[in-house]
Amino acid sequence: MLASMPAASRSPKDNRLLASLPRATYDKLLPLLEPAPLPLGMALYESGGAQGYVYFPTTAIVSLLYVLADGHSAEIAVTGKEGLVGIALFMGGETTPSRAVVQSAGLGYRLRASVLKREFEAGGALQHLLLRFTQALITQMTQTAVCNRHHSVDQQLCRWLLLSLDRLPDNELVMTQELIANMLGVRREGVTEAAGILQAQGLIHYSRGRIIVPDRSRIEARVCECYEVVKREYDRLLQPRLFA
């Protein structure tokens with residue numbers, strides 16, 4: 001129930017997409033938005049599975065993963081308070097070969113698929129906003145592919161850290177090296193070595209599955225250009241003033 005959710009996240013407007021909607025559109029959707037606790041590891045949808053809801057994270061982060069036949073996986077994008085999970089519902093595909101798993105536990109809201117599709121097909125501000133978000137998400141996916149092919153694991157780790165920190169209220173992440181390796185699609189030994197390099201240089205403090213970034217500006221100085229490309233595109237496409 002909404003009353004049991006922490007006060008810091010009682011409003012759907014903690015999600016940037018929902019906060020960017022015109023007042024009339026937001027008020028129409030508000031009674032239909034359901035509070036949704038998003039615990040670590042929860043699968044919001046599976047590869048090829050039916051998607052009954054779209055999710056608007058507020059304090060959680062959700063990873064979009066592609067899983068190979070042998071069980072190995074790699075993250076293709078992350079979504080948090082800036083967006084939604086479930087674009088296949090309004091893009092016409094209904095399902096997707098990727099799966100969506102909660103990477104960082106938190107809260108969000110969900111909306112029935114039938115409601116979102118009806119409102120999207122009606123056009124207007126919601127459709128415009130969701131299409132721009134989709135373009136930004138595609139940019140992140142394509143840049144992730146480029147980064148994974150051409151940049152070192154420690155640079156990929158820096159990109160992943162910054163994308164996660166952008167979606168969290170502080171500078172601390174709870175994540176094991178094994179999970180990070182699964183996200184980046186590399187061997188755990190590679191993540192151990194990369195994390196060791198960053199820790200030796202004082203860029204991160206890592207202990208017992210907790211990563212603290214004491215000064216993100218140093219991570220920004222170390223990261224490859226892929227992070228800035230993605231951030232700039234999100235900022236350009238999802239400016240609140242475009243939807244006021």
Side-chain angles (χ1 to χ4, degrees), residues 8 14-17 19-20 57-65 74-83 102-106 132-133 135-186 188-242:
D14 290 333
N15 177 277
R16 280 182 60 191
L17 280 185
S20 298
T58 54
T59 61
I61 301 177
V62 179
S63 289
L64 306 184
L65 301 166
E75 184 178 80
I76 55 177
V78 295
T79 299
K81 61 186 177 182
E82 83 292 347
V102 178
Q103 166 192 308
S104 180
R132 293 178 75 93
F133 168 73
Q135 181 178 337
L137 187 66
I138 290 172
T139 297
Q140 185 187 163
M141 291 177 175
T142 54
Q143 202 66 39
T144 296
V146 171
C147 189
N148 291 349
R149 174 65 178 83
H150 292 287
H151 295 139
S152 64
V153 176
D154 58 294
Q155 287 179 311
Q156 294 176 46
L157 180 56
C158 286
R159 171 182 56 80
W160 182 85
L161 286 170
L162 289 173
L163 288 174
S164 297
L165 290 175
D166 286 346
R167 293 157 174 81
L168 292 173
D170 53 36
N171 66 340
E172 181 175 327
L173 299 90
V174 179
M175 183 67 60
T176 65
Q177 290 190 5
E178 183 175 359
L179 286 175
I180 295 173
N182 288 337
M183 298 296 179
L184 297 179
V186 299
R188 181 176 177 177
E189 293 80 3
V191 173
T192 300
E193 181 180 354
I197 292 173
L198 298 184
Q199 179 148 283
Q201 296 177 356
L203 275 68
I204 64 171
H205 301 315
Y206 181 82
S207 178
R208 300 179 183 273
R210 293 183 178 272
I211 302 174
I212 297 175
V213 179
D215 182 359
R216 69 170 288 158
S217 65
R218 295 187 63 195
I219 298 287
E220 290 171 347
R222 178 66 177 271
V223 74
C224 54
E225 70 267 26
C226 297
Y227 167 71
E228 184 57 33
V229 169
V230 172
K231 184 178 186 302
R232 186 167 57 244
E233 193 72 347
Y234 271 80
D235 290 344
R236 180 182 74 86
L237 290 168
L238 301 177
Q239 296 178 62
R241 66 177 178 81
L242 294 173

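Hydrogens, waters and symmetry mates play no part in the numbers below; they use all other heavy atoms, side chains included.
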Side chain to side chain contact (heavy atoms under 4.5 Å, CB included) assessment of Y234 paired with L137: CA-CA 8 Å; Y234 271 80; L137 187 66; 3.6 Å; yes
State the [atom1]-[atom2] distance between [X] and [Y], to the nearest 0.5 angstrom.
| X | Y | atom1 | atom2 | result |
| --- | --- | --- | --- | --- |
| L162 | R167 | CG | CZ | 10.5 Å |
| H205 | I211 | NE2 | CD1 | 12.5 Å |
| I204 | L157 | CD1 | CG | 6.0 Å |
| Q103 | T79 | CD | OG1 | 10.0 Å |
| I138 | I76 | CD1 | CD1 | 11.0 Å |

What are the two closest non-hydrogen atoms of [X] and [Y], and how far apart are they?
| X | Y | value |
| --- | --- | --- |
| W160 | E75 | CD1-OE1, 3.2 Å |
| A194 | V153 | CB-CG1, 3.7 Å |
| D166 | K81 | O-CE, 3.5 Å |
| P214 | G202 | CG-O, 3.7 Å |

Full working for side chain to side chain contact (heavy atoms under 4.5 Å, CB included) between R222 and D154: CA-CA 9 Å; R222 178 66 177 271; D154 58 294; 2.5 Å; yes
Counting distance only, does the side-chain N/O of [X] pair as donor-acceptor with the main-chain N or O of [Y] below 3.5 Å?
| X | Y | value |
| --- | --- | --- |
| Q199 | Y206 | yes |
| Q140 | V78 | yes |
| N15 | P57 | yes |

[X]: partners by side-chain contact (heavy atoms from CB on, under 4.5 Å), with sequence neighbours left out:
| X | result |
| --- | --- |
| S217 | D215, E220 |
| L168 | I61, S104, L173 |
| E233 | Q135, T139, R236, L237 |

Would you indicate whether the side-chain heavy atoms of [Y] and [X] approach each other to under 4.5 Å?
| X | Y | answer |
| --- | --- | --- |
| V213 | L203 | no |
| L238 | R16 | yes |
| C158 | L198 | yes |

Check against side chain to side chain contact (heavy atoms under 4.5 Å, CB included), L161 and Y227: CA-CA 10 Å; L161 286 170; Y227 167 71; over 6 Å; no
Between Q143 and R159, does the side-chain hydrogen bond (donor to acceptor under 3.5 Å, both in side chains) criterion hold? Intermediate values first, please. CA-CA 11 Å; Q143 202 66 39; R159 171 182 56 80; over 6 Å; no
Side chain to side chain contact (heavy atoms under 4.5 Å, CB included) between V230 and T144, worked out: CA-CA 9 Å; V230 172; T144 296; 5.9 Å; no
